[in-house]
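Contents: one structure, followed by commentary.
Just so you know, these numbers come straight off a predicted model, no measurement behind them.
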Amino acid sequence: MDLALCEYAETLTRSPSSVDATVIEGLRAVGLDDVGISSATQVIAYFNYINRIAEGLGVPMESWLHDDGTPREP
C-alpha cells in the first residue's frame with residue numbers, strides 16, 4: 001500500500017490530469033477505501049499547495065535541512 005500511495009502522490013503532483021478511474025481503482029486494489037483515497041488526496045494536495053506558496057514567496061529552507069530537504073546531522 002505504501003508504494004501505491006507514493007506513486008499516487010507523485011502522479012497527483014506531477015501530472016494531476018492523468019489521475020483517472022484506473023489510478024483510483026489501483027488504490028482500491030491495495031486496500032484503500034473512498035475515505036482513505038480522499039484523505040490521501042487532501043494531504044497530498046495540501047503539501048503541494050503549501051510548498052508552492054513557500055516557493056512563490058521565496059521562503060527560505062529551514063536551517064535544519066539541506067537544500068535537498070534531507071535533515072542535517074544534529
Side-chain angles (χ1 to χ4, degrees):
M1 181 183 306
D2 291 346
L3 180 58
L5 281 169
C6 288
E7 290 171 348
Y8 177 58
E10 184 171 359
T11 301
L12 188 59
T13 299
R14 293 178 184 261
S15 57
S17 64
S18 71
V19 175
D20 58 14
T22 304
V23 173
I24 301 305
E25 286 306 318
L27 294 171
R28 288 189 181 119
V30 298
L32 287 168
D33 60 9
D34 287 347
V35 172
I37 294 168
S38 176
S39 295
T41 302
Q42 291 178 57
V43 169
I44 294 161
Y46 172 75
F47 276 94
N48 282 322
Y49 165 78
I50 205 66
N51 284 331
R52 281 163 180 75
I53 293 293
E55 289 181 23
L57 295 175
V59 175
M61 182 78 72
E62 289 91 344
S63 62
W64 57 274
L65 293 173
H66 291 286
D67 289 340
D68 66 359
T70 58
R72 297 181 187 275
E73 293 295 321

So how far is it from Tyr49 OH to Ile53 CD1, rounded to the nearest 0.5 Å?
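The OH atom of Tyr49 sits 4.0 Å away from the CD1 atom of Ile53.
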Let me have the donor-acceptor pairs involving side chains of residues 2-12, under 3.5 Å, with sequence neighbours excluded, atom names and distances please.
from  : atom 1 : to    : atom 2 : distance (Å)
Tyr8  : OH     : Thr41 : OG1    : 2.6
Glu10 : OE2    : Arg14 : NE     : 3.1
Thr11 : OG1    : Glu7  : O      : 3.0

Applying side-chain hydrogen bond (donor to acceptor under 3.5 Å, both in side chains), name anything that partners Thr22, two or more places apart in sequence or on another chain.
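With neighbours one apart ignored, the set is empty.
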List the residues meeting side-chain hydrogen bond (donor to acceptor under 3.5 Å, both in side chains) with Thr70, not counting sequence neighbours, and say none if there are none.
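Thr70 satisfies side-chain hydrogen bond (donor to acceptor under 3.5 Å, both in side chains) with Asp68 only.
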If a pair satisfies salt bridge (Lys or Arg N to Asp or Glu O under 4.0 Å) and one of its residues is in residues 19-40, list it, with sequence neighbours excluded.
Glu25-Arg28, Arg28-Asp34
If Ile, Leu, Val, Met, Phe, Trp and Tyr residues are connected whenever their side-chain heavy atoms lie under 4.5 Å apart, and connections chain through other members, are Val30 and Val19 in the same group?
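Shared cluster, yes.
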For residues Val43 and Met1: do they belong to one hydrophobic cluster (side chain heavy atoms under 4.5 Å, members Ile, Leu, Val, Met, Phe, Trp, Tyr)?
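In one cluster with Val43: Met1, no.
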Residues two or more places apart in sequence or in another chain: which of them pass side-chain contact (heavy atoms from CB on, under 4.5 Å) with Ser38?
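Once residues adjacent in sequence are excluded, the partners of Ser38 under the side-chain contact (heavy atoms from CB on, under 4.5 Å) criterion are Gln42.
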Could I get the full list of side-chain contact (heavy atoms from CB on, under 4.5 Å) partners for Arg52, not counting sequence neighbours?
Thr13, Asn48
Give the table of side-chain donor-acceptor pairs shorter than 3.5 Å for residues 54-66, with sequence neighbours excluded, one pair per line with atom names and distance.
from  : atom 1 : to    : atom 2 : distance (Å)
His66 : ND1    : Arg72 : NH1    : 3.4

